[in-house]
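The structure appears right after this line, and notes come after that.
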2 protein chains.
Amino acid sequence: MPPIIHGSSEACQAVNSILSRVGDKWTVLVVELLGQGPLRFNELRRLIGGISQKMLTTTLRGLERDGFVTRTVFPTIPPRVDYELTDLGRDLLVPVHALGEWARLNTGRVAKARVSFDLKQKDEAA
Amino acid sequence: MPPIIHGSSEACQAVNSILSRVGDKWTVLVVELLGQGPLRFNELRRLIGGISQKMLTTTLRGLERDGFVTRTVFPTIPPRVDYELTDLGRDLLVPVHALGEWARLNTGRVAKARVSFDLKQKDEAA
DNA sequence: CCGAATCCAGACTGATACTG
DNA sequence: CAGTATCAGTCTGGATTCGG
């Protein structure tokens, strides 16, 4: 999953690496949910609603690998696995929330731009 | 390109929509470059280095559609096209820079987590 | 209950060639 | 110079099935 930028500084690669993780389909949602406290696998699954086990597993593994969440297994019957944000994960939440807040505030502007752009395209086609 | 989140509020969809644009391979790089002033197509191409014409076009069209950049065509020979950030684009740069700054500061932590994770994986395989 | 493994369709990326 | 068109390879996400 490492997008490599050739003509650019290493700092940019670092940024891109973070953005790639943050920008994928489920990561932010999972991180935000875990931000309110630890959750079990199927609790997450239910809360998200439209995610497959595979994608949830993949997402959680990625987050675990990058040190954003911990995975705790209780070897009971039935088994139980808790996921929880690390300090690093909670740290990440700060700038992510800022971007999220920006998105919430500016959805209207973006939506308007899209409509106007699409309209112009259609006109040119005619 | 609309990732749909089922079990979640509309606000989350909005956030996700922005993050999907921001998280793709070239968008941030392009936006940051344009943040320093308008650029022509091939100037961008050269500055980025590893991008194909097609991807640069696609990225710029997406940014234009969302209202983050303007596209100005000079019908001269040879033709000339300038790309420039809009107010909305410059606005977006603020939270994006915050996230970028976080990434720069925390690359080490993430890298360390990855190494330790991969090591643990390898041990378990043995 | 948690999750690994497999298979598959569709989206995304990119190299190449061509156009105004 | 600034694209568009086409085609091939890769990657992603999801359904299904199986295991601990």
Quiz item: How about Leu39(B) and Asp82(B): do any of their side-chain heavy atoms sit closer than 4.5 Å?
Solution: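 Not touching, per the 4.5 Å side-chain cut-off.
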Quiz prompt | Pairwise side-chain contact, Leu33(A) with Glu43(A), heavy-atom cut-off 4.5 Å (strictly under) | solution =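 Not touching, per the 4.5 Å side-chain cut-off.
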Round to the nearest Å and state the distance from [X] atom [atom1] to [N] atom [atom2].
| X | N | atom1 | atom2 | answer |
| --- | --- | --- | --- | --- |
| Arg71(A) | dC1(C) | CZ | P | 16 Å |
| Glu43(A) | dG3(C) | CD | C1' | 16 Å |
| Leu44(B) | dC1(D) | CG | P | 14 Å |
| Arg61(B) | dA2(D) | CZ | P | 12 Å |
| Leu60(B) | dG3(D) | CG | C1' | 11 Å |
| Arg45(B) | dG3(D) | CZ | P | 12 Å |
| Tyr83(A) | dC2(C) | OH | P | 9 Å |
| Arg40(A) | dC1(C) | CZ | C1' | 7 Å |

Quiz item: Closest to the Val81(B) side chain: dA2(D), dT4(D), dC1(C)?
Solution: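 Nearest listed nucleotide: dA2(D).
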Quiz item: Are Val115(A) and Ile18(B) connected in the hydrophobic side-chain network, where two residues link if heavy atoms are under 4.5 Å apart?
Solution: no
Quiz prompt | Electrostatic pair Arg109(B):Asp91(A) at N-O distance under 4.0 angstrom | solution = yes
Quiz item: Any salt bridge between Lys120(A) and Asp123(A), counting N to O under 4.0 Å?
Solution: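 No salt bridge links Lys120(A) with Asp123(A).
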Please enumerate all protein N or O atoms sitting under 3.5 Å from an N or O of nucleotides 13-17 of chain C, with distances to 0.1 Å.
{"residue": "dG14(C)", "atom": "OP1", "partner": "Lys25(B)", "partner atom": "NZ", "Å": "2.4"}
{"residue": "dG14(C)", "atom": "OP2", "partner": "Trp26(B)", "partner atom": "NE1", "Å": "3.4"}
{"residue": "dG14(C)", "atom": "N7", "partner": "Lys54(B)", "partner atom": "NZ", "Å": "3.1"}
{"residue": "dG14(C)", "atom": "O6", "partner": "Lys54(B)", "partner atom": "NZ", "Å": "2.1"}

Quiz item: Cationic tip of Arg80(A) within the cone over Phe74(A)'s six-membered ring, i.e. under 6.0 Å and within 45° of the normal?
Solution: yes
